[in-house]
Structure formats: structure tokens, C-alpha cells
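Just so you know, these numbers use all the heavy atoms, side chains as well, and skip hydrogens, waters and symmetry mates. Source: prediction; values computed, not measured. Chain letters run A, B, ... following the sequence lines, proteins first, then strands; residues in each count from 1.
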Amino acid sequence: MSAGVGVELDDVWVRFGDFVAVREANVNIKGGEFFSFLGPSGCGKTTILRAISGFLEPSEGTVSIGGANMAGIGPNKRPTALIFQNLALFPLMTVWENISFSMEVKGAGKKERRHRADELLELIALADQGEKMVHELSGGQRQRVAIARALCAQPDVLLLDEPLSALDLKLRQHMRTELRAIQQQVGITFIYITHDQGEALTMSDNVAVMRDGVIEQVADGQAIYDDPATPFVASFVGENNVLSGKVTALSKNVATVDTNLGKLRARVATAVQGGLNTGDRAMLFVRPEAVGIVETGSRGGNKISATVVTEEFEGSNYHVFMETAAGEPLKMSLVNKGQSRASATGTKLTVTFDADRAVALPVGALASE
Amino acid sequence: MNPVTVLRKFFDRHGLFVGGYLLAAVTFWMLMMIILPQLTMLDFSFRDNLPPSKVGGPEDVYTMANYTFLVFGSPGNPEPFNVVDLSVFGRTILAAVFVTVFDFMICYPIAYFLAQVARGGVARLVVLSLVVPFWVNELLRAFAFKILFGASGVINTFIVTIGLVDQPVDFIKADIALYAGLGYAYILLMIFPIYNAIESLDKNQIEAARDLGSPWWRIHWRIVMPFAKPGITSGCTMVFMLSAGALAAPQILGGPSSLWFTQLIYQWFNTGGNWPRGSAYAIVLLASCIIFVLLMMRLFKVKLGEIGR
Ligand SMILES: Nc1ncnc2c1ncn2[C@@H]1O[C@H](COP(=O)(O)OP(=O)(O)O)[C@@H](O)[C@H]1O
Ligand SMILES: [Mg+2]
């Protein structure tokens with residue numbers, strides 16, 4: 001077994017009256033891992049976190065931490081510490097009192113508490129700020145105080161509820177790196193909640209993608225991105241072009257899908273291999289960066305004719321927004337290698353993508369923008 | 001900022017008419033309702049009780065006689081102090097403190113429940129059942145308490161019937177009826193300021209403390225109460241001031257031997273016919289209450305400005 005304490009959700013349901021907030025959640029989070037729940041707002045992420053921290057009991061199923069069933073154990077008795085979405089620092093206490101509150105609860109003396117608080121302040125690079133009040137700190141500093149306060153309780157599992165959502169972009173990106181570094185330093189299990197796929201992918205060892213209370217896929221970031229299990233995951237994580245049609249042939253896990261742009265070939269997603277059959281309606285997902293312009297003289301492969309609508313230049317990349325013959329939007333992202341960009345509005349292009357870099361899935365709900 | 005710019009800003013903000021009205025109304029209120037009457041009382045308290053013919057005459061001079069009377073009694077008093085009046089005074093302040101503490105202990109949980117636990121319907125029902133009894137006249141309520149706590153009242157009948165006691169308890173003589181009546185009279189003034197303060201407390205603060213391992217009493221002690229301190233101070237101040245200054249409840253519910261300081265004041269003004277002495281007693285009560293409250297605020301580190309929040 002790996003070091004650290006794992007968390008297991010076994011067939012967990014949470015209902016509020018008739019409303020099902022979490023449906024049949026089965027997750028096995030390994031000890032010492034950085035695990036994220038990713039999903040749009042309202043999909044039940046906070047609810048799952050509250051079930052793990054003990055603020056609510058699942059309607060069905062069990063939550064185990066370190067192999068022990070947590071049923072009936074209150075949040076103050078669980079080896080978890082929660083960092084709230086709004087941090088919930090205590091405004092009437094100084095920074096060091098905030099940090100060492102969990103020790104005060106256990107009856108530790110002032111000297112001991114102060115000492116430990118100073119150590120943690122060192123860890124979060126806020127040494128000498130212990131006497132300040134919370135409102136005297138900046139957003140990023142408060143963020144770190146909240147982390148220190150949670151770490152001071154010496155939890156086996158740290159739970160973080162969208163802790164970076166209130167920060168501006170620069171700080172958010174900086175804090176991502178910092179959080180990951182802290183996690184590797186303390187070596188405990190982090191369970192992180194976010195609606196920001198960038199955060200989930202950059203920080204996590206594994207990600208669970210949720211929709212409407214259902215966990216649709218649990219995998220590492222690359223698998224989530226490259227091998228999505230459902231149309232929702234494919235469209236929620238990163239950008240994807242969607243083309244739908246009927247499967248006309250299957251060979252070696254490559255499906256030929258008859259779309260209104262003609263026959264296109266794509267790899268069948270690992271999660272549905274054996275489940276997608278000839279004759280089924282399917283959705284084909286192609287990332288914008290997997291699309292390219294057909295070189296003159298190339299043969300075979302998927303070919304689509306499209307007309308340029310507009311183009312966006314982003315520095316390292318440029319994005320070409322097109323319309324297919326069927327009137328559907330299609331996006332292509334090209335790396336800026338200094339090539340000429342002869343794609344003014346109205347230009348007709350023939351674009352292509354490798355079957356290997358496109359994914360075929362049975363028809364399902366997409367993430368709404 | 002100097003006063004002129006403050007005034008100009010005030011008028012810019014509210015317009016001439018509304019601004020003028022607010023200014024006039026507040027000035028009138030402060031001057032006519034609060035400052036002038038109290039100043040008159042203060043002036044009165046330093047004079048002798050003269051018959052109308054001598055008012056303004058050569059004998060009408062300022063004197064400390066009324067205050068010395070409260071402390072030392074009449075010149076012929078064999079005791080070194082005016083034991084009767086001073087002990088009534090002391091008992092009144094103590095009883096008011098007791099009523100305040102008692103009210104706080106009852107009202108804090110209710111306020112907390114209303115502000116953080118109860119949802120829509122339940123909360124409204126609780127508020128309604130707290131408010132509606134106050135539609136009944138104060139005197140009627142006092143008499144109702146007298147009946148409730150009387151020798152053959154509901155409470156005595158009940159505890160005698162179930163065999164808790166053999167003889168009816170004299171709640172009136174033990175001043176229990178009085179404390180209950182006073183305590184009940186001011187619960188709303190205690191609940192609402194505390195409720196107001198606790199309501200704005202972020203629930204996550206409570207949960208965060210719990211998550212960090214805190215038992216419920218420490219959550220109240222370290223998180224909720226410090227946060228609600230302005231409301232608690234405001235409630236306690238009002239209840240203390242009003243209990244110390246209550247007249248109807250002590251008159252009706254007080255035991256035969258117990259006297260409230262306000263009843264002494266009342267006697268001087270009415271049966272005693274000595275307004276200056278009554279004024280002196282009233283001023284002493286008012287000043288003592290204010291000093292006591294300020295001391296308490298000092299002790300609990302509350303600033304005066306916080307109460308208004
Ligand atoms: N205490 C509650 N009572 C009723 N419904 C709730 C409660 N808590 C959450 N919900 C509902 O459950 C759903 C999921 O909420 P939440 O877990 O907070 O979503 P997320 O954190 O993913 O944004 C939402 O539709 C929300 O309205
Ligand atoms: Mg949430």
C-alpha cells in the first residue's frame with residue numbers, strides 16, 4: 001500500500017428531498033494522491049466534499065477514510081480538514097490564532113501554538129505576519145493562511161472547495177504551482193474541487209469528471225483529455241469539434257462514421273470499446289489542434305471542406321473558425337511557426353485529421369456552454 | 001472634515017427640504033425630549049423643597065441636601081448611612097444585573113436558533129409567538145404573572161398536585177414572580193439585537209471551527225459570541241437600563257417587603273411631594289446605570305460606536 005490515507009466512496013447517494021444531488025458515486029482515492037472533482041457549477045461537487053468531511057451523511061452508501069467506515073462520525077472527529085470556498089477564516093482572530101485554532105481546541109498552550117503557527121507561516125512564506133488580522137492580508141495571502149490553518153490540524157486528507165476561484169488569473173496560476181508543491185511536501189491526500197478544467201488537469205494525479213450528480217469518468221488528466229468516456233467529458237474538458245452520424249463499419253477499434261460531411265474515421269473511446277456497434281448513432285470528437293490543412297498531394301485520411309469565417313491570433317497559436325458544407329462550425333488551431341496565414345474570410349479550405357486523434361462515442365448529452 | 005463641509009455634504013445628499021426636516025426633527029428630539037427635561041431634573045435636584053411662595057426668594061439656593069440625604073439620611077439619623085434607601089438602591093442594581101444575565105442566558109440560544117438554525121416557516125412561527133404576547137398591555141401582563149405565580153395559581157396548583165411540594169410556594173415573597181415578570185418583559189429587546197448580529201455570521205465560520213475539531217461550546221465562545229458582541233452589549237444594556245428603571249412590574253409583582261428604587265423615586269414625587277429629592281434620586285439612578293454600563297463595556301472591550309451597528 002502507498003503511504004498516506006486513502007478515501008473510498010462506495011455507492012454513495014445524496015438526496016435532498018426528491019432531488020438527487022449525488023448519484024451512485026464510486027471512487028477510490030489513493031493515499032497521498034492529488035485528486036480532483038471537476039464539473040460545472042451545481043453538479044454536486046461540494047455535496048461530495050461535505051459527505052467526505054462529515055457535514056452531511058450520504059443517503060445511501062459508505063464513505064471510508066483509511067479503510068474505516070465514517071458513518072456517524074462528525075466532522076470534528078474525522079481525519080480531514082476542509083478549506084472552504086470562501087475560506088471562512090476567523091475575522092476576529094489574528095493570523096497566528098487562526099492557524100493554530102485546531103491546537104487551541106486540543107488544549108495546547110499558547111507558546112506551543114505560537115511556535116507551530118510560526119513554523120507554518122514559514123511554510124506558506126508569510127513569516128512575521130502572524131500578528132496581523134485577516135482583513136489586513138491580500139487575497140493570495142489569505143488563501144495561504146487558510147491552507148496553513150487546515151494543515152495545522154494535521155489532517156490525513158485535505159479537502160479543498162474551489163479555493164482559488166476568488167483570485168485573479170495570475171495569482172491563480174501561481175497558487176496552482178504552490179498548492180501542488182505544498183502537497184508534495186506534506187505528502188498527504190488532497191481532494192480538490194473545481195469547475196476549472198485547467199486547474200484540474202495541471203495539478204491532479206487523477207480527476208473525476210461530474211455531471212448532474214453523476215461521476216462520468218475517473219482517470220488521469222491525459223486520459224480525460226485524450227480518451228474521454230462520454231460526450232459530456234469530451235465537450236466539457238477542453239475544446240472539441242463535434243460531428244455526429246451513424247457507425248457504418250468497425251475494425252480494430254476504429255469506427256467509420258457516416259456524417260453529413262461524408263464518411264469519417266475515428267478511434268473508438270476505450271471506455272466504450274465493445275459497446276459501440278455498427279448501426280449505432282455516434283458522435284465524433286476532434287480537438288482543434290488535431291485538425292490540419294491538407295497538404296497538396298496527400299492522400300487518404302479524413303477530409304472535410306470548409307469555409308473560413310474568421311481567424312484569431314493568439315501569439316503561440318492561431319485559431320481558424322470555419323463553417324462546414326453542412327453549415328456546422330469547425331475550429332482549427334495551428335501552432336505559429338511563422339508560416340503565412342492565407343486564410344481570409346471566405347477562403348475555401350480542405351482540412352484533415354488523423355483517425356487516431358479523433359474519438360468516437362455513442363450519442364449523449366454535451367456540456368452546455 | 002470641518003463641520004461646515006459635513007453640513008454641506010449632508011444637504012447635497014438629502015436636498016434642502018428633507019435635509020432641513022431631518023436636522024430640525026433630530027435637534028428638536030434631542031433638545032426638547034432629552035436634554036431639556038434632564039437638565040431641568042438636574043437643576044431641581046440641587047434645590048430645597050420650598051413652598052411656591054418662596055421659589056425665587058432668598059432661600060432658593062443650590063444645595064447638596066438631597067444627595068446627602070440619600071447617602072446619610074436625615075440629620076437625626078442614628079446610623080452612619082441611609083441604610084434603607086442605599087440598600088434598596090444596591091438591591092435594585094443587583095436585581096437588574098441578575099435579570100439581564102438571566103435574560104441573556106435564555107435569549108442567546110433563541111437568537112442563535114432563529115439566526116442560524118431555523119428555516120423560513122419555523123423561524124416566522126417562533127418570532128410570531130415571541131411578539132404576539134407583547135400586544136397585551138404591560139399592566140395586564142404583570143397581573144397575569146401575579147395570578148400565574150399566586151398561592152392558588154397555575155404553577156402552585158401543578159407542583160402541589162404532582163407532589164413536588166406539600167405547601168404552595170410563595171413566589172411573590174421570594175421575588176421569583178418579579179424576576180420572571182421583568183425578565184419576560186424585555187426578552188425581545190435582548191433577542192433581536194443578538195439575532196441581528198448572529199444572522200450576519202457566515203455559516204462557514206461555524207463549520208470551519210467544527211471541522212477543526214471544536215466542540216460546540218467553544219464554537220460559541222470563540223466564534224459566535226465575539227462576533228455577536230455588539231448585539232449582546234446592545235441587548236444587555238437595554239435590558240439592564242429598563243429593568244433598573246422599571247416601575248409597574250415591581251409595583252405589582254414585588255413582594256410586600258421588597259422595594260425597587262424607582263418606587264422610592266415615585267414616592268418622593270407623589271406621596272412625599274418632594275420633587276427635588278425625587279429628582280436627585282432619579283439622577284443618581286440614571287448616572288449609576290450609565291457608569292455601570294460603561295464599566296461593563298470597558299471590561300468586555302466593546303466600543304460605544306459598535307452598538308449602533
Ligand atoms: N442543503 C441542500 N438542500 C437542497 N439542495 C441542495 C443543498 N445543498 C446543495 N443542494 C443542491 O445540490 C446541487 C449540487 O450542489 P453543490 O454540491 O453545491 O454543487 P457544486 O459544488 O458542484 O456547485 C445543487 O443543485 C444544489 O442546489
Ligand atoms: Mg460548490
Side-chain angles (χ1 to χ4, degrees), chain A residues 16-17 46 49-56 73-94 97-108 113 116-117 133-134 142 145-155 157-163 166, chain B residues 108 111-113 115-123 193-236 297-309:
Chain A
F16 298 114
T46 298
L49 212 61
R50 292 174 67 81
I52 297 174
S53 58
F55 283 109
L56 64 83
I73 298 177
N76 47 352
K77 303 274 186 253
R78 294 195 183 189
T80 57
L82 176 58
I83 295 180
F84 289 78
Q85 203 156 0
N86 66 354
L87 305 185
L89 293 173
F90 307 130
L92 300 175
M93 295 184 199
T94 59
E97 283 178 307
N98 257 285
I99 292 178
S100 62
F101 184 76
S102 56
M103 299 174 72
E104 182 187 325
V105 167
K106 294 199 188 94
R113 284 186 279 139
R116 178 78 182 124
M133 297 303 278
V134 172
R142 276 180 222 181
V145 171
I147 294 167
R149 184 178 73 175
L151 290 178
C152 187
Q154 299 190 304
V157 181
L158 190 67
L159 309 167
L160 305 99
D161 191 351
E162 309 210 24
Chain B
Y108 176 82
Y112 179 79
F113 172 81
Q116 290 283 336
V117 185
R119 309 226 161 271
V122 180
I194 300 180
Y195 164 81
N196 235 339
I198 298 182
E199 210 215 354
S200 58
L201 174 65
D202 175 14
K203 262 196 178 53
N204 287 349
Q205 300 258 325
I206 297 168
E207 294 198 333
R210 202 144 82 88
D211 190 53
L212 293 168
S214 182
W216 64 269
W217 61 266
R218 192 188 290 274
I219 294 177
H220 283 281
W221 182 244
R222 287 290 274 150
I223 313 291
V224 187
M225 282 191 196
F227 185 83
K229 210 158 70 174
I232 294 174
T233 314
S234 159
C236 287
M297 284 170 62
R298 193 74 182 269
L299 192 65
F300 288 104
K301 299 199 182 76
V302 190
K303 291 193 195 70
L304 201 57
E306 284 181 280
I307 295 184
R309 279 198 317 211

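Only the side chain of A/Leu92 has a heavy atom closer than 4.5 Å to any heavy atom of chain B. Looking at B/Arg210, the atoms closer than 4.5 Å to chain A (heavy atoms on both sides) sit in the backbone and in the side chain alike. The contact between A/Ala81 and chain B is made by backbone and side chain atoms together, counting heavy-atom distances below 4.5 Å. Interface remark: A/Leu89 contributes backbone atoms only to the contact with chain B (heavy atom separation under 4.5 Å).
Options A/Glu104, A/Glu97, A/Arg78, A/Met93 differ in how many heavy-atom pairs under 4.5 Å they form with chain B, and the most are formed by A/Glu104.
At most 12 non-hydrogen atoms from other residues, nucleotides or ligands lie less than 6.0 angstrom from CD of A/Gln154.
The structure places CZ of B/Arg222 at 9.0 Å from CZ of A/Phe90, a figure rounded to the nearest 0.5 Å. Within the model, atoms CD1 of A/Ile99 and CG of B/Leu212 stand 11.5 Å from one another, a figure rounded to the nearest 0.5 Å. To the nearest 0.5 Å, the span separating CD1 on A/Ile83 from CG on B/Asn204 amounts to 13.0 Å.
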### Message
Could you walk me through whether B/Lys203 and A/Phe84 satisfy the side chain to side chain contact (heavy atoms under 4.5 Å, CB included) test, starting with their C-alpha distance in whole Å, then the side-chain angles of each, then the deciding distance to 0.1 Å, before giving a yes or no?
### Response
CA-CA 11 Å; B/Lys203 262 196 178 53; A/Phe84 289 78; over 6 Å; no
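Residues B/Gly213 and A/Val105 approach most closely at O-CG1, 3.0 Å, considering heavy atoms.
With hydrogens and angles ignored, the 3.5 Å screen pairs no side-chain donor or acceptor of A/Asn76 with any backbone N or O of B/Asp211.
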